[in-house]
There are 2 protein chains.
Amino acid sequence: MARAATTADAFNAVAEPRRREILDVLAGGERTVNELVQLLELAQPHVSRHLRVLREVGAVEVRDAGRQRVYRLQPRALKPIHDWVSGYADLWAERFDLLEGVLDDLRNQDDGH
Amino acid sequence: MARAATTADAFNAVAEPRRREILDVLAGGERTVNELVQLLELAQPHVSRHLRVLREVGAVEVRDAGRQRVYRLQPRALKPIHDWVSGYADLWAERFDLLEGVLDDLRNQDDGH
DNA sequence: CAATCGTATACCCATATTGATATGTAAAGA
DNA sequence: TCTTTACATATCAATATGGGTATACGATTG
């Protein structure tokens with residue numbers, strides 16, 4: 001069995017840095033494929049394929065405008081990621097680091113004896 | 001060129017559901033490899049390899065305890081993910097959805113004429 | 001020292017990937 | 001209608017993957 005498809009879920013889709021860049025650009029407003037090509041300095045077919053992946057996980061939506069296709073962000077698709085990682089956000093807060101330090105010290109003292 | 005390595009960064013490491021499960025378990029406290037094997041119902045070599053990936057991105061740390069190896073969470077490694085996705089968190093808030101709806105309506109009216 | 005336990009690593013396989021390039025297609029313009 | 005524009009898709013190559021299984025290795029135990 002191979003690695004999960006990038007279209008499997010938002011986690012996989014967003015693992016690719018280029019796709020995160022695309023989303024970052026779209027966060028600033030709708031964009032045409034060509035606009036993305038120029039902004040990201042990527043080949044057009046690559047942009048199209050990245051957009052396809054993002055579409056399949058629901059992170060972007062398309063709208064036809066003549067012979068252009070306008071993509072826009074659909075940030076809700078990122079919510080599962082946010083929900084998951086937020087559960088860890090507390091754990092690296094400073095106060096927890098301090099606590100962790102204390103606990104480490106206690107452990108080391110135990111090891112020492 | 002193939003897909004980026006899972007060890008390239010936290011985003012890639014965490015794209016695998018099994019690795020997220022491992023982190024979720026470790027969020028509850030340190031665990032031995034065997035404990036993870038039993039909790040996750042995965043083959044031991046697979047757990048070991050997943051742990052290796054998580055180690056390489058700094059998401060877990062190991063401690064030797066006799067012939068066992070105790071893994072613990074290092075949540076700081078997930079901070080880049082949280083930082084990135086938090087930028088989108090506002091965008092799916094209800095009030096923004098409402099605003100978005102209004103904007104869509106306006107756009108459609110324009111298209112109609 | 002031999003046997004066993006707890007982990008890590010090596011190997012094989014099937015698969016999905018990204019980049020590059022070429023080609024197909026629908027819309028707009030001459 | 002022919003051409004150009006704007007995208008999407010197909011194909012090829014190289015590669016990293018995760019699962020399965022076998023095996024190697026260090027620590028503990030007898």
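Only this structure's heavy atoms are used, side chains among them; waters, hydrogens and symmetry mates stay out. What you see is a predicted model; the values in this text were computed from it and never measured. Throughout, a chain's letter reflects where its sequence line sits, starting with A, and its residues are numbered from 1.
- The nearest whole Å value for the distance from the CZ atom in Arg19(A) to the P atom in dA16(C) is 15 Å.
- Each of Ala43(B) and Glu35(A) has a nearest nucleotide on DNA chain D; the 5'-most of these lies closest to Glu35(A).
- Although no hydrogens or angles enter the test, the distance criterion places no donor-acceptor pair under 3.5 Å between the side chain of Tyr88(B) and the main chain of Lys79(A).
- Nearest heavy-atom pair, Val60(B) versus Leu51(B), reported as atom, atom and distance to 0.1 Å: CG2-O, 3.9 Å.
- Taking for each of Arg55(A) and Arg3(A) the nucleotide of DNA chain D with the nearest heavy atom, the 5'-most of the two is the partner of Arg55(A).
- Heavy-atom nearest nucleotides on DNA chain C were determined for Glu16(A) and for Pro45(A), and the one closer to the 5' end corresponds to Glu16(A).
- Atom P of nucleotide dG19(C) and atom CG of Leu51(A) are separated by 13 Å, given to the nearest angstrom.
- The separation between Asp64(A) atom CG and dC7(D) atom P is 10 Å, rounded to whole Å.
- Side-chain nitrogen and oxygen atoms of Asn34(A) include at least one within less than 4.0 Å of the OP1 or OP2 phosphate oxygen of dC7(D).
- Counting atom types as modelled, Gln44(B) pairs a side-chain N or O with a base atom of dA8(C) as donor and acceptor under 3.5 Å.
- Dashed line: the shortest gap from a side-chain N or O of Tyr71(A) to OP1 or OP2 of dA6(D) is not under 4.0 Å.
- Nucleic acid contact for Arg18(B): sugar-phosphate only, since backbone atoms but no base atoms lie under 4.0 Å from a heavy atom of the residue.
- Rounded to an integer number of Å, the gap from Gln38(A) CD to dT5(D) C1' is 13 Å.
- Between the Arg19(B) side chain and the Ala13(B) main chain, a donor and an acceptor come within less than 3.5 Å of each other.
- Here the C1' atom of nucleotide dG18(D) and the CZ atom of Arg52(B) are 14 Å apart, to the nearest Å.
- Between His50(A) and Ala4(A), the residue anchored closer to the 5' end of DNA chain C is Ala4(A), taking for each the nucleotide with the nearest heavy atom.
- When the nucleotides dA16(C), dT21(C), dG6(C) are ranked by their closest atom to the side chain of Ala5(A), dA16(C) comes out on top.
- In this structure, the side chain of Arg20(A) engages the main chain of Val14(A) through a donor-acceptor pair within 3.5 Å.
- Nucleotide dA22(C) holds its C1' atom 12 Å from the NE2 atom of His46(A), rounded to whole Å.
- The interatomic distance linking Arg49(A) (CZ) with dC12(D) (C1') rounds to 11 Å, in whole Å.
- For dG29(C), its base never sits under 3.5 Å from the side chain of Arg67(A) at any donor and acceptor pair.
- Between Ser48(A) and dC7(D) there is no side-chain N or O to OP1 or OP2 distance below 4.0 Å.
- One hydrophobic cluster, built from ILVMFWY side chains closer than 4.5 Å, cannot hold both Val53(A) and Leu40(A); they sit in different ones.
- Remark: C1' of dT17(C) and CG of Asn12(A) are 11 Å apart, rounded to the nearest angstrom.
- Nearest nucleotide to the side chain of Arg69(A), out of dC7(D), dT21(D), dT17(D): dC7(D).
- Within 4.0 Å of Gln68(A), counting heavy atoms only, lie sugar-phosphate atoms of the nucleic acid but no base atom.
- Clustering ILVMFWY residues whenever any of their side-chain heavy atoms sit less than 4.5 angstrom apart, transitively, puts Leu39(A) in a cluster other than the one holding Val70(A).
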